[in-house]
Amino acid sequence: MGTKDKGQTSLTPATLIGEVRSGHELDVDRLSAFLQQRKPDIALPLALKQFNVGQSNPTYLITDARGKKFVLRKKPAGQLLSKTAHAVEREYRVLDALGRHSSVPVPRVYALCEDTSVLGTPFYLMEFLEGRILPDVRLPEIPQTERVFYWDALVDVLAQLHKVDYRKVGLEGYGKPNGYYERQTRSLTAVSEAQAAAKDKNGVQVGGLHRLEQLQRWFSANKCPDETTIVHGDFKMDNVVWDPVEPRIIGILDWELSTLGNPRTDLANMLQPLLIPYADAQAQSSVLVGLKNAPSEEGAPDEERLLQRYCRLMGRKYPLDGWEYAKVFGLFRNAVVMQGVAARVAKGQASSSFAHLVAKVFPQCMAMAMDIVDRLEAQSRKSKL
């Protein structure tokens, strides 16, 4: 799902950083003592900044006395609505496994701390990657004729991830080997109901997802082929770091939703901008940014071509069975994720300076899911006439 960060275009990780926000301060002395034990080559004292992106886990830039940079990711403070979100321990495990046993581009991880007496919640330390973040799926900073190469690179790296044998890299047991969509649908429904009940300081509830019961009936009546790979959980244009110059991915970020599951979920998430209506680069009326019905001069990717590329790399047949199901589920899941941002805003736990903008759009995301369901059901009724 693409979101718009106040008109920003190409960014380096460093330009996404600001001062540590109120309520997100860290105990530098305790952190320094821990890192001296786990990574003694870090030179004290440490300087801390905070990333302005990341709707879920507070993320910090740490610079040591020699100028070497690191990234720290931690769970947010306070009582959390979801037991499965904010899983920095799982992030560490999958990054460590892929970094040591595969060629999938990921940042190197150095230390995991599950002792809450250090910073209040678990955290881990990883490599800082010098490169570009592309937060706008319209890629306004990239020449129109070159934009296709960035989408191709996303497909290529995603296929590279999905071809990794999770057993051989030590991730057996990282998730259940079957029934991914059914489990996720049940879990997300429960999470959504809890989030809907969250109240702000004025006692106003976040509210539920419109037509959720109808969507649950549709999921029950329609099944997707069951397959299992490592899935990232939120694979998209702005969750990777790009080479400073080339259309080449040097690191995949934000693994908190990773598990073993159906690879279609990553593919649908990556291509979700093609379902969201296009808005001119100057438009500020919506947080959601999409490429649906974009003018030809935008160089928007073609879904069919990218799906064919993925299938070819994976050695599987095209068209991809279960693709429409995957798109509906992806929109539903991201509606729940954005509803979660709204719940954290209500409870004062949001970690991103853009969270209040993202919190407003979960009804739109759910509406797009139901638009597809309505279309598919209308087609089914027509075919029976």
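Positions are given from 1, in the same order as the sequence printed here.
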CG/Leu158 to CD1/Ile252 distance, rounded to the nearest 0.5 angstrom?
-> 8.0 Å
Could you tell me whether Asp152 and Arg305 have a side-chain N and a carboxylate O separated by less than 4.0 Å?
-> yes
Hydrophobic cluster identity match, Val358 and Met366, side-chain contacts under 4.5 Å = yes
Would you sort out whether Arg132 and Glu141 count as a salt bridge (charged side-chain N to carboxylate O under 4.0 Å, His left out), showing the intermediate values?
-> CA-CA 11 Å; Arg132 294 173 293 161; Glu141 64 282 78; over 6 Å; no
Residue pair Glu130 / Pro244: nearest heavy atoms and the distance that separates them | O-CG, 3.9 Å
Would you mind checking if Arg264 and Asp266 are paired as a salt bridge, meaning a charged N to carboxylate O distance below 4.0 Å?
-> no
Drop me the distance from Cys113's SG to Leu125's CG, to the nearest 0.5 angstrom.
-> 11.0 Å
Indicate yes or no: at least one non-hydrogen side-chain atom of Thr265 is less than 4.5 angstrom from one of Gln184.
-> no
Tyr110/Phe70 aromatic ring centres below 6.0 Å = yes
Hey, are the side chains of Ile372 and Leu331 touching, using non-hydrogen atoms and a 4.5 Å cut-off?
-> yes
Donor-acceptor side-chain pairing of Asp226 and Asn262 below 3.5 angstrom | no
Any donor-acceptor N or O pair under 3.5 Å, side chains Gln214, Arg211 = yes
Chi angles and distances behind the side chain to side chain donor-acceptor pair (under 3.5 Å) call for Glu213, Trp218 = CA-CA 9 Å; Glu213 290 185 4; Trp218 186 85; over 6 Å; no
Same cluster or not: are Met370 and Met368 linked, directly or through other Ile, Leu, Val, Met, Phe, Trp or Tyr residues, by side-chain heavy atoms under 4.5 angstrom apart?
-> yes
Single-linkage hydrophobic cluster, 4.5 Å side-chain cutoff, Leu26 and Met126 together = no
After noting the C-alpha distance and the side-chain angles of Tyr325 and Phe219, does the key distance pass the ring pair (Phe, Tyr, Trp, His ring centres under 6.0 Å) rule?
-> CA-CA 8 Å; Tyr325 183 104; Phe219 280 138; 5.3 Å; yes
Interatomic distance, SG@Cys311 vs CG@Leu306, rounded to 0.5 Å, equals 11.0 Å
Give a yes or no on whether the ring-centroid distance for Phe362 and Phe332 is below 6.0 angstrom.
-> no
Say whether Thr121 and Lys74, considering side chains only, have a donor N or O and an acceptor N or O under 3.5 Å apart.
-> yes
Distance-only donor-acceptor check, side chains Gln339 and Ser192, under 3.5 Å | yes
Audit row: Phe128, Lys68, side chain to side chain contact (heavy atoms under 4.5 Å, CB included) steps and yes/no | CA-CA 9 Å; Phe128 175 81; Lys68 186 171 177 59; over 6 Å; no
Roughly how far, to the nearest 0.5 Å, is CD of Gln272 from CG of Leu288?
-> 9.0 Å
Does the pair Arg309 and Asp156 meet the rule for a salt bridge (charged side-chain N to carboxylate O under 4.0 Å, His left out), with working shown?
-> CA-CA 8 Å; Arg309 184 182 184 93; Asp156 294 354; 2.8 Å; yes
Any donor-acceptor N or O pair under 3.5 Å, side chains Gln50, Thr59 | no
When rounded to the nearest 0.5 angstrom, what is the spacing between CG in Asn222 and CD in Glu377?
-> 7.5 Å
Which pair of heavy atoms, one from Ala343 and one from Val206, lies closest together, and at what distance?
-> CA-CG2, 3.7 Å
State, yes or no, whether a side-chain contact exists between Leu267 and Phe235 at a heavy-atom distance under 4.5 Å.
-> no
Could you tell me whether Arg138 and Glu298 have a side-chain N and a carboxylate O separated by less than 4.0 Å?
-> no
Contact check, side chains of Val94 and Arg90, non-hydrogen atoms, under 4.5 Å | no
Under a 4.0 Å N-O cut-off, is there an ion pair linking Lys176 with Glu182?
-> no
Should Tyr60 and Tyr92 be regarded as members of a common hydrophobic cluster, given that ILVMFWY residues are connected when their side-chain heavy atoms come within less than 4.5 Å of each other, either directly or indirectly?
-> no
Can the ring centres of Trp242 and Tyr150 be said to be less than 6.0 Å apart?
-> yes
Can you tell me if Ser220 uses its side chain to pair, donor with acceptor, with the backbone of Gln216 under 3.5 Å?
-> yes
Within 6.0 Å of CD in Glu297, more than 12 heavy atoms from elsewhere | yes
Taking it one step at a time, do Thr229 and Val164 satisfy side chain to side chain contact (heavy atoms under 4.5 Å, CB included)?
-> CA-CA 8 Å; Thr229 67; Val164 171; over 6 Å; no
Could you walk me through whether Asp254 and Arg73 pass the salt bridge (charged side-chain N to carboxylate O under 4.0 Å, His left out) test, one step at a time?
-> CA-CA 9 Å; Asp254 199 5; Arg73 292 260 291 174; 3.0 Å; yes
Side chain to side chain donor-acceptor pair (under 3.5 Å) assessment of Gln160 paired with Ser103 = CA-CA 8 Å; Gln160 185 180 1; Ser103 59; 2.9 Å; yes
To the nearest 0.5 Å, how far apart are NE2 in His210 and CG in Leu215?
-> 12.0 Å
Would you call Lys75-Glu89 a salt bridge at under 4.0 Å N-O?
-> yes
Between Lys292 and Leu275, is any pair of side-chain heavy atoms under 4.5 Å apart?
-> no
Are Tyr166 and Tyr174 close enough that their ring centers fall under 6.0 Å?
-> no
Any Tyr180 side-chain heavy atom under 4.5 Å of Thr259 side chain = yes
More than 12 non-hydrogen atoms from neighbouring residues, nucleotides or ligands closer than 6.0 Å to NZ on Lys39, yes or no?
-> yes
Salt bridge check: are Lys223 and Asp321 linked by an N-O gap of less than 4.0 Å?
-> no
Any idea which heavy atoms bring Asn57 and Glu256 closest together, and the distance?
-> ND2-OE2, 3.4 Å
Leu271 versus Leu307: any side-chain heavy-atom pair under 4.5 Å?
-> yes
Test ring pair (Phe, Tyr, Trp, His ring centres under 6.0 Å) on Phe123 and Phe34 and set out the steps.
-> CA-CA 11 Å; Phe123 67 91; Phe34 170 81; 5.4 Å; yes
side-chain contact (heavy atoms from CB on, under 4.5 Å) with Val28: which of Leu119, Leu48, Ile62, Leu44?
-> Leu48
Over 12 foreign heavy atoms within 6.0 Å of NE2, His101 = yes
Around atom CZ of Arg100, are there more than 12 heavy atoms of other residues, nucleotides or ligands at under 6.0 Å?
-> yes
Considering only NZ, NE, NH1 and NH2 on the basic side and carboxylate oxygens on the acidic side, decide whether Arg375 and Asp371 come within less than 4.0 Å.
-> no
Are Asp200 and Lys347 ion-paired here, with the side-chain N under 4.0 Å from a carboxylate O?
-> no
If you take all heavy atoms of Gly175 and Leu260, which pair is closest and at what distance?
-> O-CD1, 3.3 Å
Would you say the side chain of Ile133 lies within less than 4.5 Å of the side chain of Leu253, judging by non-hydrogen atoms?
-> yes
